Protein chains: 2
Amino acid sequence: MPRITLRDIARYCGVDRSTVSRALRDDPLVTPATRLRVLDAADRLNYRPNITARSLAGGRSEALGFVAGSLAAPIDWRLVVHATQRSTERAYNLFVTLYDSDDALYRRAVDRLGQGLADGAIVLPRRSQSDVEVLRDAALRGFPMVFIDNWVEELPAPVVTTDNRSAAQELVRRCLDAGAEEMVLAFPALPNPVEMERLAGAEDAARQAGVRRLQTVGPDDAIDGGASQGPIGIVGSSQGLLHSLMSRSAAQLRLRRMTIGCFDAWLGEPHPADTVIVALQDIEGLARVAVDRALALVAGEAIEGPRIVRLPALEFRTIHPSF
Amino acid sequence: MPRITLRDIARYCGVDRSTVSRALRDDPLVTPATRLRVLDAADRLNYRPNITARSLAGGRSEALGFVAGSLAAPIDWRLVVHATQRSTERAYNLFVTLYDSDDALYRRAVDRLGQGLADGAIVLPRRSQSDVEVLRDAALRGFPMVFIDNWVEELPAPVVTTDNRSAAQELVRRCLDAGAEEMVLAFPALPNPVEMERLAGAEDAARQAGVRRLQTVGPDDAIDGGASQGPIGIVGSSQGLLHSLMSRSAAQLRLRRMTIGCFDAWLGEPHPADTVIVALQDIEGLARVAVDRALALVAGEAIEGPRIVRLPALEFRTIHPSF
DNA sequence: TTGTACGCGTTATCAG
DNA sequence: CTGATAACGCGTACAA
């Protein structure tokens, strides 16, 4: 099954390859008549340009990479979807590569992208320690990169993220407004900027409100119920984390009224006596801004504004059990 | 920031470009001494081969594409993760492209992959009507494709999927064993093979067991409670679908004991009185077999075994509320 | 064992 | 307006 190339069309039309190339790229230099002939032939022969050849010749691939650990959290794949859309609007392609906590895969993915496959990348880092090593080479080589959602302090690439601090504050406030008398804060122990900002914001709000009891639980801790049986507020980064915490703490939580504060999404139903408040982030906004900044970098334009862009939460949605 | 090429290394070492090329590809023809010199220089200059050039010259990209609608369902991104791993094991790269129900994006994605960017693709179709049109061109051109999980009847590509029929049967049986006195079947109206097989299997099992009441609900229907208040079984494809059905039917379901049968994953907690049975599919197996079949196609090997491979469910897991 | 020369499919730069 | 020609970076027969 031999591929149809420019040469085939050129032969078919009796013109030169370069004329075909021009015609297909809508170069105004080419006569409408010949262009029509060429387009018709291309259509008839079912021609598709070879992208690798085009990248090689043009020096650009017109593609961006999206590097992510996994797509387990809804925010992850939603970022991918919107980044794909925005890239397409800007006549760029987006390739997603996952590394799933595997450093070798991670390095490979970043390497490949920098090898002419993409003109730049959007990076969604997860574990800051290895992120640094893997990304440094590409950064040093001047490969355009933009961090999305989370980032790595040590690298100078632009960052597009959410206003995590304010959102965490607001979640705590709303839990208290809903009647919570004590607060539990559950954020992963990972030393990454997002979790740190969230924790700081939540602690701030709790302290300012003078919460009677405040505990910060680690990834394997259970909630210390103490003697109280009153309404409790639990704020954390993701449903998965909260869910496992609540399972571990089932004995302490049974029969207590709970208000849960969570980021991004809550799937399924709250328990009958509970309320869930979700900080809905502007995921589409993140993706669009990240793609635009990446393309600006690719084009060599100076970055406008601060290195870290923080988009505010779109909405705080309260979910009550439906039955 | 000029890229380092073979030429630079060749100059640096005082050898020819082709020698460098060979040394880097571990060609046994090259003297250990010179290979060492070359590798050292490559390392020192921080050389990275240009993939587009390599693909162009070699005629293969050593990459596979993974085309999916979205990654909303856990099975989707888990397939991607495992396909990435398997591809890497086989020294291939995997690029994911999403189209998110957008036909233009879809066509573009498939086109690009066929343009030299990938040697073949794994396709996870979602809506069979447009899938046919978009994929037909690539298929006709002889572009190697393998369907994963779901597929399109009209196209002859190999299929790797699960044994949906048996799994649906088993879910219904287990609901009945758990005490359900009537059954509700909730599968999307999409005319795709997976949903059809699931529905058929579920109906089979329900009929064989002589269920007193059996209803099949559409995407916007609510459950018809009738007069009964006994235990009810609800089997459907995904948590999202079941969740919206249950919300719409809240009045009928309140206070009834429910057993829910679901595919792939259940996030969050069952309601206090409910039980959830999940058919855990062999997602890693699907991904591995799909990658292997795709690479076999790429290599021009004959496909062994039947066109449709069906992997059995790994496990049926029962989830009880933890508090 | 290494160097020479050509081709991969496309774009860009010249002449004509 | 079009045709010839030289890149782009790499792989590989073939020659030395």
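None of these values were measured; they are calculated from a predicted model.
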**Student:** Verify whether one side chain among A:Q85 and B:D102 offers a donor that lies under 3.5 Å from an acceptor in the other.
**Tutor:**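 No, because no side-chain N or O of A:Q85 sits under 3.5 Å from a partner of the opposite role on B:D102.
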**Student:** What is the distance from CD1 of A:I51 to C1' of D:dC8, rounded to the nearest Å?
**Tutor:**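 Going from CD1 in A:I51 over to C1' in D:dC8 covers 16 Å.
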**Student:** Whether B:Y47 contacts D:dC10 is assessed here as follows: a side-chain N or O lying under 4.0 Å from the phosphate OP1 or OP2. Is that the case?
**Tutor:**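 Checking B:Y47 against D:dC10: at least one side-chain N or O falls below 4.0 Å of OP1 or OP2.
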**Student:** Need two values: the first and the last nucleotide of DNA chain C, 5' to 3', having an atom under 4.0 Å from any heavy-atom of chain B.
**Tutor:**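 The footprint of chain B covers C:dT1 to C:dG9.
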**Student:** Is the A:F95 ring parallel, tilted or perpendicular to the B:F95 ring (thresholds 30°, 60°)?
**Tutor:**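 Tilted.
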**Student:** With sequence neighbours left out, what residues match B:D292 under side-chain hydrogen bond (donor to acceptor under 3.5 Å, both in side chains)?
**Tutor:**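 Testing B:D292 for side-chain hydrogen bond (donor to acceptor under 3.5 Å, both in side chains), a comparison that skips the adjacent residues, returns B:R86, B:R90.
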**Student:** Send over the distance from B:R11 CZ to D:dG9 P, rounded to a whole Å.
**Tutor:**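 The answer, rounded to whole Å, is 11 Å.
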**Student:** Expressed as a whole number of angstroms, how long is the span from B:I9:CD1 to D:dG9:C1'?
**Tutor:**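 Result: 12 Å.
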**Student:** If I take atom CG in residue A:L56 and atom C1' in nucleotide D:dG11, what distance separates them, rounded to the nearest angstrom?
**Tutor:**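 After rounding, the reported distance stands at 13 Å.
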**Student:** If you take any heavy atom closer than 4.0 Å to DNA chain D, which residues from residues 31-41 of chain A end up in contact?
**Tutor:**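 Contacts with DNA chain D under 4.0 Å: A:T31, A:T34.
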**Student:** Within this structure, what is the CZ-to-C1' distance between B:R7 and D:dA7, rounded to whole angstrom?
**Tutor:**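 It is 10 Å, rounded to the nearest whole Å.
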**Student:** According to side-chain hydrogen bond (donor to acceptor under 3.5 Å, both in side chains), who are the partners of B:R310, at least two apart in sequence or on a separate chain?
**Tutor:**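 Once residues adjacent in sequence are excluded, the partners of B:R310 under the side-chain hydrogen bond (donor to acceptor under 3.5 Å, both in side chains) criterion are B:E197.
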**Student:** If the threshold is 4.0 Å, N to carboxylate O, is there a salt bridge linking B:R136 and B:E154?
**Tutor:**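 B:E154 and B:R136: not salt-bridged.
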**Student:** Who passes ring pair (Phe, Tyr, Trp, His ring centres under 6.0 Å) against B:F147, sequence neighbours left out?
**Tutor:**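 If we apply the ring pair (Phe, Tyr, Trp, His ring centres under 6.0 Å) test to B:F147, skipping adjacent residues, there are no hits.
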**Student:** Can you name the side-chain hydrogen bond (donor to acceptor under 3.5 Å, both in side chains) partners of A:R307, sequence neighbours left out?
**Tutor:**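 side-chain hydrogen bond (donor to acceptor under 3.5 Å, both in side chains) list for A:R307, sorted by chain: empty.
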**Student:** Mind running a 4.0 Å heavy-atom check of residues 15-30 of chain A against DNA chain D and sending the residues that fall below it, in number order?
**Tutor:**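 A:V15, A:D16, A:R17, A:S18, A:T19, A:R22, A:L29, A:V30, in order of number.
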**Student:** Take atom CG of B:D8 and atom C1' of D:dG9, then tell me their distance rounded to the nearest Å.
**Tutor:**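 It is 11 Å, rounded to the nearest whole Å.
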**Student:** Judged by atom type as modelled, is there a donor-acceptor pair below 3.5 Å linking the side chain of B:S21 to the main-chain atoms of B:R17?
**Tutor:**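 Between the backbone of B:R17 and the side chain of B:S21 there is no qualifying donor-acceptor contact (under 3.5 Å).
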**Student:** To 10°, what angle do the rotation axes through the five end pairs on each side of the helix from C:dT1-D:dA16 to C:dG16-D:dC1 form?
**Tutor:**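 Nearest ten degrees gives 50° for this helix.
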**Student:** Provide the full list of side chain to side chain donor-acceptor pair (under 3.5 Å) pairs with a residue in residues 66-75 of chain B, sequence neighbours left out, each pair given once.
**Tutor:**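 Pairs touching residues 66-75 of chain B that pass the test: none.
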**Student:** With side chain to side chain donor-acceptor pair (under 3.5 Å) as the rule and sequence neighbours excluded, what pairs involving residues 26-43 of chain A come up?
**Tutor:**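 Every side chain to side chain donor-acceptor pair (under 3.5 Å) pair that includes a residue of residues 26-43 of chain A, provided the two are not neighbours, is A:D40-A:R44.
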**Student:** List the residues meeting side-chain hydrogen bond (donor to acceptor under 3.5 Å, both in side chains) with A:D16, not counting sequence neighbours, and say none if there are none.
**Tutor:**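 By the side-chain hydrogen bond (donor to acceptor under 3.5 Å, both in side chains) rule, A:D16 matches A:S18.
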**Student:** Should A:V298 and A:Y92 be marked as a side-chain contact (heavy atoms from CB on, under 4.5 Å) after you check the CA-CA gap, both sets of side-chain angles, and the distance that decides it?
**Tutor:** CA-CA 12 Å; A:V298 169; A:Y92 256 71; 3.9 Å; yes
**Student:** Restricting to ring pair (Phe, Tyr, Trp, His ring centres under 6.0 Å), what partner residues turn up for B:F66, sequence neighbours left out?
**Tutor:**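 Counting only residues at least two positions away or on another chain, B:F66 forms no ring pair (Phe, Tyr, Trp, His ring centres under 6.0 Å).
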**Student:** In whole angstrom, what separates B:R60's CZ from D:dG11's P?
**Tutor:**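 One finds 11 Å between P of D:dG11 and CZ of B:R60, rounded.
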**Student:** Report the distance from atom CD1 of B:I4 to atom P of D:dC8, rounded to the nearest whole Å.
**Tutor:**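 My rounded result for the distance is 15 Å.
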**Student:** Could B:D137 and A:R48 be called an ion pair, given the rule that one side-chain N must be under 4.0 Å from one carboxylate O?
**Tutor:**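 So B:D137 pairs with A:R48 through a salt bridge.
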